[in-house]
Amino acid sequence: MTATVLTPITQALNAGVLTRQELKALMVRSDVPALKHLALWIMLVLSTGSLIHLTYGSVWMWAAMFLHGVVLVHHFSLQHECCHYTVFRTRWLNDLVGNICAIIIMLPNRHFRYEHCDHHTYTQLKGDDPELIELPRSLGGYLWYLSSLPYWRNKFTELGQHTFGHLSKEEERFIPKEEHQTIFWEARLMLLAYVAIGGFCIATHWWGPAIYWWGPVLLGEPVMRFIRMTEHVGKPNVRDMTENTRTNYVTRPMRFLAWNMNYHAEHHYAASVPFHALPALHEKLKGHVAVESRGYIGAHIDILAQLIGRKHRCDATKDN
């Protein structure tokens, strides 16, 4: 375990790029921005789902399922913010919406909250950050990760182990002992829900969940893997928040899908700042955080440059 942790907010305050008064103003929470965003979000989900219905039976149905899947997997962004309790000012709304998102993308909410806490505490530190996505060793490893197959293997393994009352050594480190049973029952209830829905589909020969939910999520997950890599992959494994996290400039529609999580460096600097205030925080931290002006594509160009040897690997040591 790392002995000393560099606190991002302290780092920003000490650097003089942000005052405590400015931070306090940015941390004000409200239900209104989230409810407006969520209303548009639900309309978008219904719209992309309708495209599947309109193209049903044609070759365009697969394109519609993929588009719908891209929207569905972005429930991760919403759940992520709910885990920080920064979406809604009303606390129970964060729990409710977070758990709904958890069912949609198979990411148990309570477990994710504990895991994500350590990710923020030990960002990019090997052996301590449970969400660390290491820079692949080869182009093959890069493509393997983007396929989302290792991601799903890990998620199904976790769900199975938790259902049978087992935690990995790493999980025992970041999940309090008194919460172990909560994590186990969370997994069991989630699995029970999936089995019940699957059983209903088999019994009634109605495959709506597969067509409008499970299939699209599987098709869309590689896009989320592509986006998740842009946050930290290819950045140094150091504590310094000005170096270990990227902010990506993306289009307004992508910002909407991401709930402003493209401002990822800002989020790591002050995780208590609500999603709707991150653009303002970005203006305060401009020139102080790592920004990829070319967006997600630019981040992957940087990653690939390291993989093929055109740029120094961020994880290279003097010995290699």
Side-chain angles (χ1 to χ4, degrees), residues 1-12 76-77 79-86 98 102 105 107-137 141-142 144-146 148 150-155 157-158 161-162 167-176 179 183 221 224-248 258 261-273 278 289-290 292 296 299-300 302-303 306-307 313-317:
M1 187 74 69
T2 305
T4 305
V5 177
L6 189 64
T7 305
I9 291 178
T10 302
Q11 185 177 347
F76 171 81
S77 301
Q79 182 182 3
H80 166 266
E81 286 299 276
C82 286
C83 280
H84 283 284
Y85 289 100
T86 53
I105 60 175
L107 187 64
N109 200 52
R110 194 78 169 181
H111 178 271
F112 175 56
R113 184 176 299 144
Y114 282 114
E115 179 184 69
H116 196 64
C117 179
D118 262 28
H119 167 62
H120 272 268
T121 305
Y122 306 108
T123 305
Q124 280 295 90
L125 300 183
K126 287 186 179 182
D128 290 329
D129 182 355
E131 294 182 12
L132 176 67
I133 304 171
E134 295 197 41
L135 181 68
R137 301 305 306 178
Y142 168 82
W144 174 241
Y145 178 81
L146 286 181
S148 79
Y151 170 78
W152 286 118
R153 179 181 62 188
N154 181 54
K155 291 298 113 182
T157 298
E158 279 182 0
Q161 289 179 338
H162 297 169
L167 294 174
S168 68
K169 290 295 183 183
E170 183 180 43
E171 289 171 326
E172 288 178 351
R173 177 172 62 82
F174 62 75
I175 299 174
E179 284 285 271
I183 298 302
E221 189 56 42
M224 181 51 63
R225 295 302 98 204
F226 182 86
I227 292 171
R228 292 300 308 281
M229 287 188 80
T230 68
E231 298 170 351
H232 305 285
V233 178
K235 302 302 290 179
N237 298 111
V238 297
R239 295 178 298 164
D240 191 340
M241 200 57 60
T242 64
E243 297 184 36
N244 65 18
T245 307
R246 282 189 196 88
T247 274
N248 295 283
M261 275 302 105
N262 59 292
Y263 294 115
H264 209 68
E266 291 79 3
H267 167 68
H268 270 266
Y269 258 103
S272 295
V273 171
L278 286 177
V289 297
E292 177 50 73
Y296 297 147
H300 278 270
D302 177 58
I303 292 168
Q306 295 184 49
L307 292 185
R313 287 182 63 99
C314 67
D315 58 355
T317 63

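Looking at residues two or more places apart in sequence or on another chain, you find no salt bridge (Lys or Arg N to Asp or Glu O under 4.0 Å) involving E115. D302 pairs by the salt bridge (Lys or Arg N to Asp or Glu O under 4.0 Å) definition with R246, K311, not counting sequence neighbours. Scanning for salt bridge (Lys or Arg N to Asp or Glu O under 4.0 Å) contacts around E134 gives K126, with sequence neighbours left out.
Between W144 and P150 there is a side-chain heavy-atom pair separated by less than 4.5 Å. Counting heavy atoms from C-beta on, the side chains of C83 and R110 never come closer than 4.5 Å. Taking 4.5 Å as the limit, every side-chain heavy atom of H84 sits out of range of all side-chain heavy atoms of R113. Between K235 and E243 the shortest side-chain heavy-atom distance does not fall below 4.5 Å. Looking at P108 and I183, their side chains never come closer than 4.5 Å, going by heavy atoms from C-beta outward. E131 places a side-chain heavy atom less than 4.5 Å from the side chain of R228. Two residues are said to be in side-chain contact when any heavy atoms from C-beta on lie closer than 4.5 Å; T242 and Y269 meet this criterion.
In this structure a side-chain-to-backbone donor-acceptor pair under 3.5 Å is present from Q306 to C314. The closest donor-acceptor contact from the side chain of R239 to the backbone of N244 lies at 3.5 Å or more, if one exists at all. Listed for the H300 side chain is a donor-acceptor partner under 3.5 Å among the backbone atoms of F226. Here the side chain of R313 pairs a donor or acceptor atom with the backbone of L135 at under 3.5 angstrom. Although no hydrogens or angles enter the test, the distance criterion places a donor-acceptor pair under 3.5 Å between the side chain of T86 and the main chain of E81.
In this structure, CG on D128 lies 9.5 Å from CD on E170, to the nearest 0.5 angstrom. Between the CD atom in E221 and the OH atom in Y151 there is a gap of 5.0 Å [rounded to 0.5 Å].
For the residue pair Q161 and S168, no side-chain donor N or O sits within less than 3.5 Å of a side-chain acceptor on the partner. H162 and E171 share a side-chain donor-acceptor pair at under 3.5 Å. H268 and T245 form no side-chain donor-acceptor contact under 3.5 Å, judged by distance and modelled atom types alone. Counted by atom type alone, N248 and T230 present one or more donor-acceptor pairs between their side chains at under 3.5 Å.
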T247 and E292: CA distance, side-chain angles, deciding distance, side chain to side chain donor-acceptor pair (under 3.5 Å) verdict
CA-CA 6 Å; T247 274; E292 177 50 73; over 6 Å; no
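The ring of H267 has its center closer than 6.0 angstrom to the ring center of H120. Between F112 and F76, the distance separating the two ring centers is shorter than 6.0 angstrom.
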